[in-house]
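Worksheet: one structure, shown below.
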Amino acid sequence: MPELPEVETVRIGLQQLLPGRVVASVDHDWPKSFPNAEADVQQFLIGASVVEVRRRAKVLLIDLSSQYTLVVHLKMTGQMVFRSQAERFGAGHPNESLVGELPDRSTRVTLTFVDGSKLFFNDQRKFGWVRLLPTTEVMNLDFFKKVGPEPLSADFDWHQLMERLQRRKNTNIKAALLDQTVVAGIGNIYADESLWSAKIHPTTLVRGVKPAQFHKLYDALVAVLRMAIEKGGSTDRNYVSAEGKRGSYLTFASVFRREGQACPRCGTTIIKTRVAGRGTHTCPVCQKPLSE
DNA sequence: CACTTGACCTGTCCGC
DNA sequence: TGCGGACAGGTCAAGT
C-alpha cells in the first residue's frame, strides 16, 4: 500500500496541480481523518494558497501561504485525488481515472479551491489522516523526530544502512527494514522485493547478516525504489496517483503477490509465509532460510 | 530497553 | 444465499 514510491508519485502529481490554488472551503465528516478545530481552519486554511508539496518518509506535506502545512498520512488505503472544475463538470470522461465520481462513500476530507477544482482525501479504512500544523512545527512531531534517513538521499550509503539496521540486531531483517526509525519509507512490498533481490531470507537475524549482504541489500533497495517511482508505484487494491491512475510496478515485481508462480531467477515456486506479522513472499531456493 | 503483538477500520474472499 | 472469520498491512500503544 502507500510506501515511499507511492507517496512520492502522489507528491509529484500534486506539485504539478496544486501550487497557486487558493482554498475556498473544506468538508470532513470523520474526526480522526481531520482533527483540527474549526477556528484554526478558518484562520489558517481558508484563503491560503498552496506553495509547495513535499514528502518526508511516507508523509505528504502541503505547504500553505499561511505558514501552515497540511500533513497527510495515507496509511493503508488513503488516496489524494485532484479534480479540476472541467473534470468535474465537463462533458466526456475526465481522464483514465480508476476512481469514479467524487466524493464517494470513502471520501473523508474534501478541499475546494476558489477556481472550482477539488482535492479529495479518500480512505476506506479510516487509518489515514490530514492535519493542519504550523510549518515550523511539522518536524517536531514525534514521528519525524524518530524517523530514519531517506533511502534515496545522496548522502545515504550502505554503511549507514548497515549501522542503522544493526541497532535491531536481535530481530529479523524484515522487521528491521520495516522499522521507520531505521530507514524511512519501506513497507511490505519493497521489503519483500529488495530482500529477494539481495538473496536474503526475511527471517535472518540482523546479527547474522554479513557486510557484503548489507551492501547488496542497499543496492537492491535503491534500485527497487527508483524503479517503483518510475512506474508510478504499486497498485494492489486501493492506491492511485493524484490523477486517479494506477501504478504499474507490480507488473514488474519478482515475488510480491506472486505466490505459486516461478521465481524469475531460478524458476522455483514462490511461497507466501508470515514474518514480522506480515504476509511475506520468498523464493525458498534463492533466499536460504538460515544464514550462518 | 529490546522486541512482539494487538488495536485502529472497512471491504473482500473463503469455507460451511 | 448468508454468515463468521481470516486477511489486507502503517503506525502507535500496550504487553512480555
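Below, chain A is the first sequence line, B the second, and so on; all start at residue 1.
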(request) Take atom CZ of A:Arg131 and atom P of C:dC12, then tell me their distance rounded to the nearest Å. (result) 11 Å
(request) Between A:Phe143 and A:Gln124, name the one whose nearest nucleotide on DNA chain C is closer to the 5' end. (result) A:Gln124
(request) Indicate, yes or no, whether a donor-acceptor pair under 3.5 Å links the base of C:dA8 to the side chain of A:Arg278. (result) no
(request) Please check if the side chain of A:Glu193 supplies one atom and the backbone of A:Phe256 the other of a donor-acceptor pair under 3.5 Å. (result) yes
(message) Nearest whole Å is fine: how far is B:dA2 P from A:Leu205 CG?
(response) 16 Å
(message) From C-beta outward on A:Trp30, which listed nucleotide comes closest to its side chain: B:dC9, C:dC7, C:dG10?
(response) B:dC9
(message) With rounding to the nearest 0.5 angstrom, report the CZ to CZ distance, A:Arg164 to A:Phe156.
(response) 7.5 Å
(request) Starting from P on B:dC8, measure out to NZ on A:Lys32 and report it in whole angstrom. (result) 7 Å
(request) Among the candidates B:dT4, C:dA8, C:dT11, find the nucleotide nearest to the side-chain atoms of A:Lys58. (result) C:dT11
(message) Rounded to whole Å, please give me the gap between CD1 in A:Ile186 and C1' in C:dG10.
(response) 13 Å
(request) Check every atom of B:dT4, C:dT11, B:dG11 against the side chain of A:Gln180 and return the nucleotide holding the closest atom. (result) C:dT11
(request) Provide, to the nearest angstrom, the distance between the CG atom belonging to A:Asp29 and the C1' atom belonging to B:dT10. (result) 15 Å
(message) Nearest 0.5 angstrom please: A:Leu70 CG to A:Leu119 CG, how far?
(response) 8.5 Å
(request) When you get a sec, tell me which of C:dG10, B:dC3, B:dT10 is the closest nucleotide to the side chain of A:Arg168? (result) B:dC3
(request) Please determine, for the side chain of A:Thr171, which listed nucleotide (B:dT4, C:dC12, B:dT10) has the closest atom? (result) B:dT4
(message) Would you say the ring centers of A:Tyr239 and A:Tyr249 fall short of 6.0 Å from each other?
(response) no
(request) Could you give the distance separating B:dC9 and C:dC3 at their P atoms, to the nearest angstrom? (result) 24 Å
(request) For A:Phe127 and for A:Asn172, locate the closest nucleotide of DNA chain B by heavy-atom distance; then report the residue assigned to the nucleotide nearer the 5' terminus. (result) A:Asn172
(request) Measure from NZ on A:Lys174 to P on C:dG10 and round the result to the nearest Å. (result) 9 Å
(request) Please check if the side chain of A:Arg278 supplies one atom and the backbone of A:Arg274 the other of a donor-acceptor pair under 3.5 Å. (result) no
(request) With the side chain of A:Arg237 defined as its heavy atoms from C-beta on, choose the nearest nucleotide among B:dC9, B:dT12, C:dT11. (result) B:dT12
